[in-house]
Amino acid sequence: MKKLISCMTLIFVSFFAFSILLKPDICIKAALTGVMLCGNVIIPSIYPFTFCVLFINNSNAANILKPLNPITKFVFGLNYYEFSLFSLSLIGGYPLGAKLLNESKSHNANLMLNYCINAGPAFIILAVGKGIFKSEAVGLVLFLSHILSSVIVAIFLRKKTVYEAPKQTKITLNIVENFVISASAAADTVIKICALVILFSCIGSYIEYFAHYFAPLKLLGLLCEVTNAVFKCNNILIVSFLLGFSGFSIWAQIFSLAKNIKINYIKFIFFRLLHGILSSLLTLTAIKLLKISVSTLSNNLTFSPKIFISTPAAALSLIIMGIVLTISLSNKKYAGNLMEDIV
């Protein structure tokens, strides 16, 4: 099986390389779109939240949830420490949940990975809701549907046997050290995300190109990279599904960050599909109950890098990415050693 996967991957990468040689202009335009998307959407919406979540997690704030231990065990089959990881994944944005689980001592990390993958509130409410549908209220509906889907899956997967929470190590870091570590770790995570967003932006563009000759490839293009996909879609139910499904780019990020977790890939894919379907159904229900006009949900918006080229936004995007890269490279070794002490 592994040989078959390796062979198919080699064939795909070879075909991708041939496509770049055949149509280099597609790659250049797609890469530029990916860079601008990272600078104007990914970094502003993910990096600050990632920093906050890591700072809170490094502070052993999970101890605050100890009184809720009986409730979290009964409802989710999780101890208070695991519930804290779940809670942080709900607001941190994907793939932060995978990173937290990978560095945790949870016995249920492989199970929790099926529902600790969520888009962050800044991305859904502001970038998707306000950016695409011109309504923060629509973004809030999408976010709540997305989160509730994770909660439903978590309850569905709950186990009767609950492990005790691991003993939390005593914090030896001062606020400044924690600040630097969290900023560095968040930068490292976001840089990896941006790299894959740019790569899958290129892959998706070639899929769109060949979809002119083979129409079913259009669906594959939407499933490739969620950020690009939602900006090309004007249907709220499809957008809701894509946010839950997360896309192949996010999957790649999750698998790279969850090296210490034994992943059941078939189960993972099943629950990504289930999450997407549940999100769409909950969004549809909210639309009916709140009587949201369908006309407000149909904006033929296509993300294009042209609106950012030769503008302050483009310069700001590159400056932000440069700062993030500098923080990551300058503190990576220092942060890595201290993180090992924490976990």
Side-chain angles (χ1 to χ4, degrees), residues 30 32-53 89-97 117-147 149-150 186 189-198 200-201 204 222-247 249-250 253 275-276 279-280 283 286 292 296-309 311-314 316-321 324:
L32 180 59
T33 299
V35 170
M36 293 303 169
L37 197 58
C38 289
N40 291 277
V41 178
I42 300 296
I43 294 176
S45 65
I46 292 180
Y47 180 73
F49 254 94
T50 302
F51 161 74
C52 292
V53 169
S89 75
L90 293 177
I91 62 172
Y94 35 54
L96 190 58
I117 309 300
N118 301 279
F123 175 67
I124 297 181
I125 297 174
L126 298 180
V128 178
K130 191 173 182 179
I132 298 177
F133 300 112
K134 311 303 179 186
S135 170
E136 290 186 15
V138 170
L140 185 60
V141 168
L142 285 169
F143 178 67
L144 293 177
S145 300
H146 185 62
I147 295 305
S149 297
S150 287
T189 301
V190 172
I191 287 172
K192 291 177 181 177
I193 293 173
C194 289
L196 285 169
V197 166
I198 295 170
F200 275 88
S201 178
L222 285 177
L223 300 180
C224 251
E225 206 288 307
V226 64
T227 311
N228 277 294
V230 297
F231 274 94
K232 294 175 181 177
C233 184
N234 61 358
N235 185 300
I236 190 172
L237 298 183
I238 296 178
V239 167
S240 186
F241 172 83
L242 291 172
L243 290 171
F245 183 76
S246 66
S249 175
I250 299 298
Q253 296 164 32
H275 192 161
S279 295
S280 294
T283 300
I292 299 177
T296 62
L297 308 177
S298 299
N299 298 291
N300 294 318
L301 180 145
T302 301
F303 182 82
S304 172
K306 292 181 180 179
I307 59 176
F308 300 108
I309 296 175
T311 66
L316 181 60
S317 299
L318 294 176
I319 291 172
I320 293 174
M321 293 183 74
V324 170

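Side-chain atoms are counted along with the backbone in the values below, which use heavy atoms only and exclude waters and symmetry mates.
Here the shortest heavy-atom pairing between Ile198 and Gly34 reads CG1-C, 3.8 Å. The nearest pair of heavy atoms linking Ile43 to Gly39 is CD1-CA, 4.4 Å. Among all heavy-atom pairs drawn from Glu136 and Ile125, the shortest one is O-CG2, 3.9 Å. Between Leu37 and Val197, the shortest heavy-atom contact is CD2-CG1, 4.4 Å. The heavy-atom pair separating Phe143 from Ala119 by the smallest distance is CE1-O, 4.0 Å. The heavy-atom pair separating Leu242 from Val230 by the smallest distance is CB-CG1, 4.3 Å.
In this structure the side chain of Val226 reaches within 4.5 angstrom of the side chain of Tyr94, judged on heavy atoms. In this structure, Leu90 and Ser150 have side chains that are in contact, with non-hydrogen atoms separated by less than 4.5 Å. In this structure the side chain of Phe123 reaches within 4.5 angstrom of the side chain of Thr227, judged on heavy atoms.
For His275 (side chain) and His146 (main-chain N/O), a donor-acceptor pair under 3.5 Å exists by modelled atom type. A donor-acceptor pair under 3.5 Å is formed between the side chain of Ser145 and the backbone N or O of Val141. The backbone N or O of Glu225 sits nowhere less than 3.5 Å from a side-chain atom of Ser249 that would complete a donor-acceptor pair. Within the 3.5 Å criterion, the main-chain N or O of Leu237 finds a donor-acceptor partner in the side chain of Ser280. Checked by atom type and distance alone, the side chain of Thr283 never pairs as donor or acceptor with a backbone atom of Leu142 at under 3.5 Å.
Ser201 and Thr33 are not linked by any side-chain donor-acceptor pair at a separation below 3.5 angstrom, with hydrogens and angles left out of the test.
Atom CG of Leu96 sits about 8.0 Å away from atom OG of Ser89, to the nearest 0.5 Å. Here the CD1 atom belonging to Ile132 is positioned 11.0 Å from the CD1 atom belonging to Ile124, to the nearest 0.5 angstrom. Atom CG of Asn118 sits about 10.5 Å away from atom CG of Leu243, to the nearest 0.5 Å. Interatomic distance, OG1 of Thr189 versus CZ of Phe51, reported as 13.0 Å (0.5 Å rounding). Rounded to the nearest 0.5 angstrom, Ile191 CD1 and Leu196 CG are separated by 12.5 Å.
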For a side-chain contact (heavy atoms from CB on, under 4.5 Å) check, start with the C-alpha distance between Leu223 and Phe245, then their side-chain angles and the critical distance, and finish with the verdict.
CA-CA 8 Å; Leu223 300 180; Phe245 183 76; 3.7 Å; yes
